[in-house]
Structure formats: C-alpha cells, structure tokens
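Contents: one structure, followed by commentary.
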There are 2 protein chains.
Amino acid sequence: MDFTSGTATYPAPAAGHLDFTGACAPSHDNPASQCANCPVKVRCLTSGTTEWETVHFARLALGRRRARKGQAVYRVGDRFLFVYAVRFGSFKSTIVLPDGREQVVAFHLPGDVVGLDATATGAHPTTLTALENAEICAIPYSQLSDVSAESRTLREHLVRIAGSELVRDHKLLALIAHSHAEERVAAFLVQLSERMQERGYSPREFNLRMTRADIGSYLGTTLETVSRTLSAFARRGIVSVERRRIQVLDMDALRAARAYA
Amino acid sequence: MDFTSGTATYPAPAAGHLDFTGACAPSHDNPASQCANCPVKVRCLTSGTTEWETVHFARLALGRRRARKGQAVYRVGDRFLFVYAVRFGSFKSTIVLPDGREQVVAFHLPGDVVGLDATATGAHPTTLTALENAEICAIPYSQLSDVSAESRTLREHLVRIAGSELVRDHKLLALIAHSHAEERVAAFLVQLSERMQERGYSPREFNLRMTRADIGSYLGTTLETVSRTLSAFARRGIVSVERRRIQVLDMDALRAARAYA
DNA sequence: CGTCCGTTTGAATGTGTTCAATGGAAGTGG
DNA sequence: CCACTTCCATTGAACACATTCAAACGGACG
C-alpha cells in the first residue's frame, strides 16, 4: 500500500499523482485529457481502446472525488449511478452482516474499477471506504453503457472487469474454505506484494493501510490470529513486521507458506 | 434440486422440459423458437428484452448440449468461446486447488447463466460438471457481444449477471468467514429452498443432487460435519433427512438457525 | 499531556477436523 | 438377474487449531 507517501523504491509512476492536495479540478474534467494524464490508465477502463474509441470515451462526464481516511464513497443501499476507478490511495469494500458487523470482501488499489456489483439490484450491496486519503474517478454507468454500444473493446472490458473480480473472489473463497490461518496470511501478503509490483512499487517492502481487524475479516479469522501469525513469520525470519510496515525477507518461504496460488 | 424426476409438488413449469430423452435437435436450433419455448427464459439472457431486441437475439447460433451425470461441459483452462445457460438439470462449478483437490464455488439451477468469469483471461477458470443428466444452452460470446451492441437491455443484463454472481459470492464469503458449521448448513438449505421456490418447485421438499462432500467443499467444511449437522437438525425436528431427500419441517427454525441473510 | 485506538501476547475453552470403522445404496459385469 | 464392487453417508473418539476473554503496551492525535 502506501500510495500517498513517497516510499516506493521501485520505478514508481510519475510522482504527480501522489499530490493529494494538488490543484486539479475536483469534478467534471474533460475525460480525454484527464485519462490521458492518469497514471493508472493502463489498468483502467480505457485500457486497450483505440484512439477512435477514446473519442467516444471522451463523451463521458467523469468526476473526481476525494475521500479522506475512513470516509465512505458509497454505502450499502445507495442508489447505483456511478462506477468508480481508484486514482490513488486504497479502499476496502465491506458488506454488513445481519448482526451489524462488517465483513471486508475486497481491498482496492490504484487502477481498480469498483462498483459493478451494484448492477445486480441498482443499489450498492457494499460500502466503499477509503483506507487513507485517496482520490477516485466517478463514471456515470448509463453513459458508460451508451458509449460501450459503440466499442466492442470497452463492452467486453466491462464484463471482463466483473469476471476478474469473480475469479479473485473464488480464489479467496478457496483460501478461506480450505486453509489454515498461516496459509491465509501468507497468501494475503504474497497477493499484496504482487499487486504492489504490478503498480511499480517494491514487492518486498510496503505499508499495510488496513488494520489487523480488516485483514482478519477479509481472511475469515480474528485480528489476534493475524497478529500472532505475523509475529510467527517474523520469528522465523520470513518477514519483518514493524507495526504496519512489512518487509519480506524470504519471498520463497512466504510463497511456500501459503501453499495456494 | 431434482429437476429430472417428476416430484415437483408446486406449480411446476410445463413438464415438457423434463423430457431428457426428448426429440429436440441437439444443436444449432433457431434461437427465436428455441428461446420462445424455453421454460426458463424468464431467468435467462432474453429476460426483459423487447420484441425488437429479440429479433437481434435471434441471430445467435445457439447450441444445445446434453451432459450426463458427472460429465464436464468445460474444464479449467479450456478456451472461452461460449457462455452457457442451464436448461434443465443442475451443475457445480469447481476450481482446482494447488494440491489437486477440488473446491466447489457454485451450484447452478435451470435458468442460471454460467461462464462469464472466463472473460477475465479468455480461458475458463472453473470446471462445470453436471450433477445429474442435464441440458445446457451454449451461446457464442463473440456473437453475444455483437448483438449486445444494439441492445442496451442485453448489454446491461450481461454485466448484471456477473454482478449478481459477485453479490452471491460475497454473501457466501461472509457466511464461511463468520459463522459456524450449523449456520452454514442452515443457510445452504434455506438458499436452496428459495431457489427451488423461484423455479416453481416446493420449497419444503427437494432432493440434493450433490454429495455431502460437495456441500462441505462449498461451505468450507468437511463432509462429516455436514452429515452431523443434518443429523442434528433432523434430531431437533427441523428437517427430515433421508439420504438425499430433504423435507423442511420447520422453516422458521431453519431460518433462525442460519442467522444470516 | 492525556486519552483512545490499534497491536501484541497469554491462557483456557470449544468447535471442527482427522482418522477410523460400519452400513447401505447404486451401478457394473458376469 | 444376481453377485460383486464401488461410492456415499453415518457415527464415534482423540486431537489440533483457532477463538474468546483478558491484560498490557505503544503510538497517534487532540
């Protein structure tokens, strides 16, 4: 994680997007220019579209929104109007259990497109909460649907985003259903490490932006178990844990510990 | 389940579709007539489309396929060419764990549309296996994408199908992550009961078409625990269990036992 | 400077797993 | 058509793992 501080040691994306307090207009920019400069465009909706298609895409009335740590972009039950793309910062998606507790179902990093699950009912089934100060791009879904009529790439990309989420959910399901706490935490760290690397950050050193409770909820255990497991990994020299700062000392051992893809 | 035998006691769909050995052509029917007569069309892709859109939909080269109990329609890694709609019978979707074991991620009933998760990579991430003799409709995805360019309803329906799956997965995730075995089994039975009712069958009496091992895998527990839990419910008079035949004797108690939506 | 939140660690408890054996149903092949 | 085989389900007992309850520590923030 750690998308706001400048701790990336790997070839980081142009540092401009880290400027949380920057002077960019907060909403309804021209999407063509907005997307052209967006550091995460390769992961976003426009990925793979031709120039011709980008013209159509430019018709979208995109809006940027900032979210402070702990703030919700949308909540369970909110009317579905926008799909969102993370520009920088990180988020968690949670559902509300019948007893009122929260269950984390996903963590989102820059470039992730979020909210398509709301197409099921027209209302958001999840709450999207910022884990740190962050910025997100709001894309009107009805307009997106219009534009996708004229672009096969975009049309299929929309379904592919949902499909990718399904694949991830199934892997998570398998992880929770058939592995022990240690394997879950290892898998979580490896997954995070890989996602960091994909975004140009170090896969071996990063900050967790979520609490132990969030991780525990996501992995189907308790915060105590997460804490104990991290300590155990540290004791064995696999990682170094210092509050939320994680250093992977032995990636092979970590991968071996997860026993899951 | 029990979609092949004639045990439905509720207003059942026209019995014609139960004719597994019927004389219907095995593939490449005219979709217009095929869909018009399909007993599950209200749940399928054409749901909500106007007559005008149905004309476009008729361009699709649909193909029917039969699957015997235990046969796979597609396997992990197979190239993604078709989306499938269950006509009758039931299926399970499984992923393969690194150690070779199988993990059930979904059960499918008539009208369910399956396979969109393959859009993520162009290859199927799951194996689709028939739990009984069944029939399924194969829809070429590229053609579907073409047609959806001209129908907003179909376009959004495609995304909605994936979105609905996401919502179900998240609920399953929460169930496995934060509840005990008894609640999981109760939730499974209630969910199945509701899906039976939606399809015009009795919500209080049905056959499980999957093994205890399948249920256990799906619920993140073992077959022994499933068996024990069912026995416990039977002992308390909540259900009657006779091999795979389930009778819900006290639906309120069953709903209360799950403590989950 | 004080409070609160998040994290770590300990100890006891309980739930589900694992290993094992049995019984029965269904399907196969002679 | 019967016998055999195989798969599926049930139940028991010992064990292991994670949860729960509890306390203490440290950092962050007002």
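Throughout, protein chains are lettered first and strands after them, A, B, ... in sequence-line order, and every chain is numbered starting at 1.
- OP1 or OP2 of dT17(C) lies within a sub-4.0 Å distance of a side-chain N or O belonging to T225(B).
- At least one side-chain heavy atom of S217(B) sits under 4.5 Å from a side-chain heavy atom of H178(A).
- The side chain of A181(A) lies closest to dA18(D), out of dA18(D), dG16(C), dT17(C).
- When the P atom of dC5(C) is taken as reference, atom CG of D214(A) falls 15 Å away, rounded to whole Å.
- Just one residue in the list R68(B), R66(B), R65(B) forms a salt bridge (charged side-chain N to carboxylate O under 4.0 Å, His left out) with E135(B), and that residue is R66(B).
- Counting non-hydrogen atoms under 4.0 angstrom, L230(A) reaches nothing in the nucleic acid.
- Under 4.0 angstrom from either OP1 or OP2 of dT10(D) there lies no side-chain N or O belonging to S231(B).
- Atom CG of L223(A) is separated from atom P of dT9(C) by 13 Å (rounded to the nearest Å).
- We find that CD of E183(A) is positioned 14 Å from P of dT17(C), with the value rounded to whole Å.
- Between the side chain of R184(B) and the base of dG16(C), no donor-acceptor pair of N or O atoms lies under 3.5 Å.
- In this structure, the CD atom of E182(A) is 13 Å from the P atom of dT19(D), given to the nearest Å.
- With rounding to whole Å, E132(B) atom CD is found 17 Å from dC8(D) atom C1'.
- Here T211(A) does not reach the OP1 or OP2 of dC5(C): none of its side-chain N or O atoms lies under 4.0 Å away.
- When rounded to the nearest whole Å, the span between CD of E224(B) and P of dA13(D) equals 15 Å.
- Between the P atom of dA23(D) and the CZ atom of R228(A) lies a distance of 15 Å, rounded to the nearest Å.
- In this structure, the CD1 atom of I215(B) is 16 Å from the P atom of dG16(C), given to the nearest Å.
- One finds no side-chain N or O of R244(B) lying less than 4.0 angstrom from the OP1 or OP2 phosphate oxygen of dC8(D).
- Between H124(A) and Y84(A), the ring planes are tilted. Angles from 30° to 60° get that label.
- For the pair F91(B)/V73(B), a side-chain contact is recorded, criterion being any heavy-atom separation below 4.5 Å from C-beta on.
- Residue S227(B) places no side-chain N or O under 4.0 Å from the OP1 or OP2 atom of dT11(D).
- Place R243(A) and G220(A) on DNA chain D by their nearest nucleotides, and G220(A) ends up nearer the 5' end.
- In this structure, CE on M210(B) lies 10.5 Å from CG on N207(B), to the nearest 0.5 angstrom.
- With hydrogens and angles ignored, no donor-acceptor pair closer than 3.5 Å exists between the side chain of R235(B) and the base of dT11(D).
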